[in-house]
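Here is the structure we will look at.
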Amino acid sequence: MHNQEIAWALSEIADLMDIKGENPFKVRAFRQGALIIEAIESPVTKLVARNQLSKIKGIGKGLCAEIEALVHYQESHLLDKLRHEVPPGLLEILNLPGVGIASVRSFYKEGITTIEELEELARARKVRQLPGQGPKTEMAILRGIEMIRRRSGKFPIGIAKPAANSFVNFLQNLSEVNRVEITGDLRRSEEMVQEVSILCTSEEEELLVDLLKKHPSVNKVIEEGTRHLRFRLPFGLPVQIEIVSEEEFIPRWIETTGSKAHWQALQARKNGTATAFENHENKWQQFLSSQEAEEIYYQNFHLPWIPPELREKGEEVGQAVRGALPKLIEERDIRGDLHIHTKWSDGVSTLEEMVAAGRDRGYEYMAITDHSQSLHIARGLTEEKLLEQRKAIQNLNKGQKDFTVLAGVEMDILTDGRLDYPDEFLEKMDLVIASVHTNLRQDRHKIHNRIEKALKNPHVDILAHPTGRLLGSRDPYDVDLDWLLDLAAKTGTILEINASPERLDLSATHARMAKDRGIMIAINTDAHDRNRLADISYGINNARKAGLEKKDVLNCHRLKEVKKILKKPKG
DNA sequence: GCCGTTTTCGGCCCGACTGTTTTCAGTCG
């Protein structure tokens with residue numbers, strides 16, 4: 001069982017106990033435990049085997065017992081019992097924005113146990129009659145339900161990708177399997193994924209299908225054939241594994257990577273070119289990597305290899321013909337991370353740990369940008385504290401020649417549009433990131449006013465997570481993207497692709513619109529934990545999907561250039 | 001349920017805002 005799955009189980013236990021009305025501190029202990037497990041680097045299974053689990057702060061006797069049961073038996077009696085006692089629909093209701101534990105309990109009291117029942121009641125304008133509810137919360141509930149419908153069974157890439165990778169690893173280690181690749185919308189780096197698709201080659205298809213069925217993560221088989229298996233993971237994500245021969249692999253990989261429009265555009269080109277596809281002796285392909293083989297396949301169409309992220313509307317084929325494909329940014333182009341939190345505010349790693357982790361990744365620089373004073377829950381820093389941190393950073397920089405730490409801040413844009421520090425203070429910072437964290441449900445006029453004040457401030461360099469969305473769980477605040485992008489272009493403000501898979505904000509679509517307006521993009525992780533520096537890959541996915549090149553991205557530039565760009569007076 | 005031990009029991013992050021109220025509970029970050 002993976003750390004993530006254990007974390008989900010603990011978090012579900014917390015929610016169910018919360019609905020039942022158990023001791024809130026006990027609930028919090030489980031919730032906290034889930035976060036801790038999620039952030040651990042090494043597999044929990046290993047820690048259990050070595051008896052090291054109880055040494056972790058926050059994991060005591062009780063949690064240890066539950067986690068060990070999950071690792072050994074893939075189940076927890078406590079969770080089973082709770083699932084039995086509390087109707088599952090209430091968890092969904094709890095996840096609606098604006099609905100908290102108290103509301104769920106009061107709905108439960110009224111006999112409501114599913115989203116459908118709640119929706120019916122809201123549509124009949126009867127939710128507003130319940131104690132503590134009113135017309136506005138009733139509307140918020142309906143909007144939340146609509147959001148869930150839009151999501152309709154899709155899973156965020158941050159959940160789908162690790163799940164896919166673990167199956168790829170599993171298959172790679174089997175002697176029956178030669179080649180394994182992720183395909184489908186996940187390979188195209190779609191932010192929400194319908195299903196994990198994996199394509200592999202093997203001569204022993206039936207044996208492989210049988211073996212897969214016995215995998216402990218296969219919760220329920222949906223569909224079974226001689227050459228494929230579709231199943232659900234315990235948390236509901238569907239996975240499809242298809243087995244083909246070595247000869248079939250590349251065309252099938254391209255076909256399943258999609259989209260349909262891309263495949264059709266390729267087929268249309270096949271009819272128009274004289275190349276004899278069938279002449280190829282495919283046997284030699286097995287000595288090539290999958291991508292090398294795919295490149296050769298594209299050559300058959302007299303085309304350069306087209307990155308999967310761009311295989312969308314079919315028009316990329318025309319672009320490829322004209323030699324107009326962008327040279328997409330790659331992870332190795334990133335020279336630093338410019339949005340990082342540490343223990344100084346709400347991070348879990350120390351400043352020194354973060355810097356060491358950045359160096360380990362081969363970065364040349366990073367910016368420490370802890371929270372500003374008004375964000376109390378995140379232990380935001382006063383001016384004095386920030387200056388103190390700046391000194392610590394200067395000392396750190398003295399001891400290293402090949403790596404530079406910038407002293408920055410992630411400053412809140414306050415509810416009324418004021419910024420959290422005066423200009424005289426902001427001027428002293430190497431980098432100022434501005435963010436909207438509070439009052440996300442303000443009307444468009446107020447939100448625009450806040451963003452405008454921030455972007456027009458000469459010291460604000462970057463607007464972080466520009467729409468405030470949480471992927472699949474919270475809609476953006478009410479902002480007109482065209483207006484925002486025009487303003488960013490006019491003021492010369494850099495926009496962030498927040499690489500945290502919970503956010504992915506800007507989205508690929510919006511990042512493309514930003515590029516078209518000549519806006520500089522920064523790809524940052526917003527990491528609160530050194531392990532999360534690796535999230536940069538999700539941001540790169542989005543940037544590639546947006547067609548971004550090295551030159552479009554601030555933190556692909558050398559430090560000297562970055563400093564020059566930040567110093568340049570804003571428009 | 002976890003932690004610390006100056007505490008094996010008692011405290012556990014907290015302030016602001018919203019929408020509900022008519023003085024405050026619930027939600028959020």
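Chain letters run A, B, ... following the sequence lines, proteins first, then strands; residues in each count from 1.
- DNA chain B is contacted by no residue of residues 138-145 of chain A, taking any non-hydrogen atom closer than 4.0 Å.
- Protein atom CD of A:Q442 is 15 Å distant from nucleotide atom C1' of B:dG19, rounded to whole Å.
- B:dT23 and B:dC28 have their P atoms separated by 26 Å, with the value rounded to a whole Å.
- Using bins of under 30°, 30° to 60° and over 60° for the plane-to-plane angle, the ring pair A:H448/A:W483 lands in the parallel bin.
- Between A:D552 and A:K515, at least one side-chain N (NZ, or NE/NH1/NH2) sits under 4.0 Å from a carboxylate O, which counts as a salt bridge.
- With both ends at atom P, the span from B:dT20 to B:dA16 equals 22 Å, rounded to whole Å.
- Closest approach to the A:T415 side chain among B:dT27, B:dC17, B:dT20 is made by B:dC17 (side chain taken as heavy atoms from C-beta onward).
- Distance A:E66 CD to B:dG1 P: 9 Å, rounded to the nearest Å.
- Checking B:dG1, B:dC17, B:dT27 against every side-chain atom of A:K26, the shortest atom distance belongs to B:dG1.
- Taking the P atoms as reference points, B:dT18 lies 26 Å from B:dC13, given to the whole Å.
- Residue A:N439 has no polar side-chain atom (N or O) positioned under 4.0 Å from OP1 or OP2 of B:dC28.
- Here the side chain of A:F30 is nearest to one of B:dG1, B:dT20, B:dG26, namely B:dG1.
- In this structure, CD1 in A:I462 is found 4.5 Å from CG in A:L431, a value given to the nearest 0.5 Å.
- Here the NE2-CD distance, from A:H445 to A:E452, works out to 9.5 Å after rounding to the nearest 0.5 Å.
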Handout entry: ring-ring contact (aromatic ring centres under 6.0 Å, His included) between A:H437 and A:H465, worked out
Key = CA-CA 10 Å; A:H437 284 128; A:H465 37 75; 5.2 Å; yes
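- If you take atom P in B:dT6 and the same atom in B:dG1, they sit 25 Å apart, rounded to whole Å.
- Listed candidates were B:dT27, B:dC13, B:dG1. Nearest to the side chain of A:A29 is B:dG1.
- As a whole-Å value, the separation of A:R379 CZ from B:dG15 P is 14 Å.
- Under a 3.5 Å cut-off, the side chain of A:E38 and the backbone N or O of A:L35 do not form any donor-acceptor pair.
- Spacing of C1' atoms, B:dG15 relative to B:dC9, comes out at 29 Å, to the nearest Å.
- Taking OG of A:S349 as the reference point, atom CE of A:M354 lies at 4.5 Å (rounded to 0.5 Å).
- Look at CG on A:D18: it is 12 Å from P on B:dC28, rounded to the nearest Å.
- Place A:G98 and A:G132 on DNA chain B by their nearest nucleotides, and A:G132 ends up nearer the 5' end.
- Heavy atoms of A:Q32 sit nowhere under 4.0 angstrom from any nucleic acid atom.
- Look at CG on A:L82: it is 12 Å from P on B:dG1, rounded to the nearest Å.
- Salt-bridge annotation for A:E191 and A:K154: absent, with no side-chain N of the basic residue lying under 4.0 Å from a carboxylate O of the acidic one.
- Here A:V99 lies in heavy-atom contact (under 4.0 Å) with sugar-phosphate atoms only.
- Of the C1' atoms belonging to B:dC17 and B:dG11, the separation is 27 Å, rounded to the nearest Å.
- Between A:R128 and the phosphate of B:dG19, there is no side-chain N or O to OP1/OP2 separation shorter than 4.0 Å.
- Spacing between atom CG of A:L375 and atom C1' of B:dA16 amounts to 11 Å, rounded to whole angstrom units.
- The residue A:P131 sits apart from the nucleic acid: no heavy atom pair falls under 4.0 Å.
- No contact: A:S374 has no heavy atom under 4.0 Å from any strand.
- Each of B:dT20, B:dG1, B:dC12 was ranked by its minimum atom distance to the side chain of A:T137; first place goes to B:dT20.
- B:dG1 atom P lies 12 Å from atom NZ of A:K20, rounded to whole Å.
- The side chain to side chain donor-acceptor pair (under 3.5 Å) test with A:N457 is passed by exactly one of A:T493, A:T491, A:D423: A:D423.
- Look at CD on A:Q133: it is 9 Å from P on B:dT21, rounded to the nearest Å.
- When each of A:K446 and A:V104 is assigned the nucleotide of DNA chain B with its nearest heavy atom, A:K446 is the one assigned upstream, toward the 5' end.
- Checked against B:dT20, B:dC12, B:dC3, the side chain of A:K57 finds its nearest nucleotide in B:dC3.
- Comparing B:dG19, B:dG1, B:dT27 against the side chain of A:K136 picks out B:dG19 as the nearest.
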